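Below is one structure; the comments refer to it alone.
Note that the coordinates shown come from a computational prediction; the quantities given were computed from them, not determined experimentally. We use all heavy atoms of the structure for the numbers below, so side chains are in, but hydrogens, waters and symmetry mates are not.
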Amino acid sequence: MRNLLGLQRLAFRSFSSTARNQLKNKVPENQKIFQEDNGLPVHIKGGTVDVLLYRFTMAITLGGTGFSLYWLLTASQPRRK
């Protein structure tokens, strides 16, 4: 029972508004970056990391589509005897 009470106190301290490790609100800064009219699409405005994540996602998508089409074509062919 003591462990449960200790866990309850720990959880309360972690989620209370008086926690010492409060994070800074970065939403206004990010809004300025993403609402800036610089001609870039929104998925690239975040910088180099966003560009790399976008390209990696597109590569996986195209690779998976090609792989699926290959196996569909292979499955549609009659078996050789």
Side-chain angles (χ1 to χ4, degrees):
M1 190 63 166
R2 284 184 180 173
N3 291 336
L4 187 59
L5 291 174
L7 181 63
Q8 181 183 5
R9 270 189 251 128
L10 179 65
F12 180 74
R13 287 180 186 164
S14 297
F15 295 112
S16 69
S17 61
T18 60
R20 294 179 184 172
N21 298 341
Q22 288 186 349
L23 299 175
K24 181 183 172 193
N25 186 6
K26 296 182 181 180
V27 173
E29 296 169 10
N30 288 337
Q31 282 179 339
K32 288 178 186 175
I33 292 171
F34 286 100
Q35 291 178 353
E36 183 179 313
D37 187 21
N38 56 5
L40 292 174
V42 72
H43 60 270
I44 295 179
K45 284 189 178 185
T48 306
V49 175
D50 281 351
V51 171
L52 291 175
L53 284 173
Y54 174 73
R55 289 182 181 168
F56 180 69
T57 303
M58 290 305 295
I60 288 174
T61 302
L62 292 174
T65 302
F67 191 68
S68 298
L69 290 174
Y70 169 77
W71 283 109
L72 281 171
L73 180 67
T74 302
S76 68
Q77 301 297 322
R79 288 189 176 216
R80 296 180 184 157
K81 291 185 179 182

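Residues meeting the salt bridge (charged side-chain N to carboxylate O under 4.0 Å, His left out) test with E36, sequence neighbours left out: none.
Minimum interatomic distance between N38 and K45 (heavy atoms only, all atoms of both residues): OD1-CE, 3.4 Å.
Side-chain contact check for I44 versus D50: every heavy-atom pair is 4.5 Å or farther apart.
Summarising the geometry, atom CE belonging to M58 is positioned 8.5 Å from atom NE2 belonging to H43; distances are rounded to the nearest 0.5 Å. Atom OG1 of T57 sits about 10.5 Å away from atom CG of L52, to the nearest 0.5 Å. Taking CZ of R79 as the reference point, atom OG1 of T74 lies at 11.5 Å (rounded to 0.5 Å). Put simply, CG on L73 and CH2 on W71 are 11.0 Å apart, with the number rounded to the nearest 0.5 Å.
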